[in-house]
Amino acid sequence: MNPASDGEPTGRVRTVRGDMAAAAIGRVAFHEHLLFDLVLPANRGSVTDPPITPENRWQIDYRSNENRNNARQTDPGVAAAELIAFRADGGDLLVDQSTGGLARDPEGLRQASDASGVHVVASAGTYCADYLDEETLSLDLAALTARFVREVEAGLDGTTVRAGLIGEIGCSWPLRPFERRALQAAARASRITGAAISVHPGRHPDAPFEIAAILAEAGADLRRVVICHMDRTFPGGERVRELLATGVNVEWDFFGIEQSHYWFGDIELPTDLQRLALIRDLTAEGFGSRILVSHDVCTCTRMTRWGGHGYGHLLRNGPALMRRAGLAETDIDQLLRRNPLRHLAFADPAPLQES
Ligand SMILES: [Zn+2]
């Protein structure tokens, strides 16, 4: 398989229920969280925050990081119901990018996939250092690489459920020593397994460039790397072309967040149509095959059960918005199906010589 090509997807995708042909898969939500806990471990104890109700859901959603009940969803039954809604919107496969530290639940993902019939891909790797235990933080590069490879080839967290993607690898700003090792381990594990890499960059405009350099030096094929969160890192599209010039792929994954207020910092977020205007321009410039779109749902208020847009917003409302932005039908299919499947299809292993 040529990972840089832009035709019908070929190769195999690794779901929580087994491997399958990429060509047999329909539309994809590439960067989501189905079962997760985004509350920092130090704050996870007994939670007395109010439960989400119709009366308070707007305010909880507006300041999404504050109510801890909003930042976790650990019930496979709820996940299955959300997947059934996703399927009704035309969704066929969803990637849960909850990596180590985010209460990753591989068996729960398999249950939700079984119950809904929607394909689910689980993720190898680790999230930001603040979410990790001392034992994980102490792993050296060789041990971390071995863990990531095992997660793809044998199973995640002591289960037989295998990962189909490495990441989102969590990076802070400034980058922590562990996170640098995790990027290097992801590069090596990607070469060994053929799985692609997804990276959550720190919230500084220089972060994606530092990450691309570390991955390249560690031997990653940057055509198999997706840098997430363009929406908040370059809200007006600043430096996206400079980032594309490094060889990586770029992802807008805040679709459905139609408010300017960003709860994690002093940033004015774009709307869906503003995201799509940037994507249209980049597509016209020939970058269409290197763009990923998703919702990165990681709060309850964005799920249908709690009055949110759900995992199907891009499928339900996206095509009309994309046409309005000036994208063609083939561009829409590329964004919603071909691009994510090309990253999910495993490349041929190409391990580096150990130095
Ligand atoms: Zn995410």
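Start at 1 and go down the list; that is how both ligands and their atoms are numbered.
Closest N/O/S atom of Asp296 to the Zn ion (ligand 1): OD1. The atom of Glu168 that is an N, O or S and sits closest to the Zn ion (ligand 1) is OE2.
When only modelled atom types and interatomic distance are considered, Arg188 and Thr145 share no side-chain donor-acceptor pair under 3.5 Å.
None of the N, O or S atoms belonging to His229 lies under 2.8 Å away from the Zn ion (ligand 1). Taking backbone and side-chain atoms together, His33 has an N/O/S atom less than 2.8 Å away from the Zn ion (ligand 1). For Glu32, every N, O or S atom stays at 2.8 Å or more from the Zn ion (ligand 1).
No donor-acceptor pair closer than 3.5 Å links the side chain of Arg232 to the backbone N or O of Phe254.
Applying the salt bridge (Lys or Arg N to Asp or Glu O under 4.0 Å) criterion to Glu268, with sequence neighbours excluded, gives no partner residue.
Ion pairing of Asp266 with Arg203 is absent here, as no side-chain N (NZ or NE/NH1/NH2) approaches a carboxylate O to less than 4.0 Å.
Hydrophobic cluster of Tyr62: the remaining members, joined at side-chain heavy-atom separations below 4.5 Å, are Trp58, listed by chain and number.
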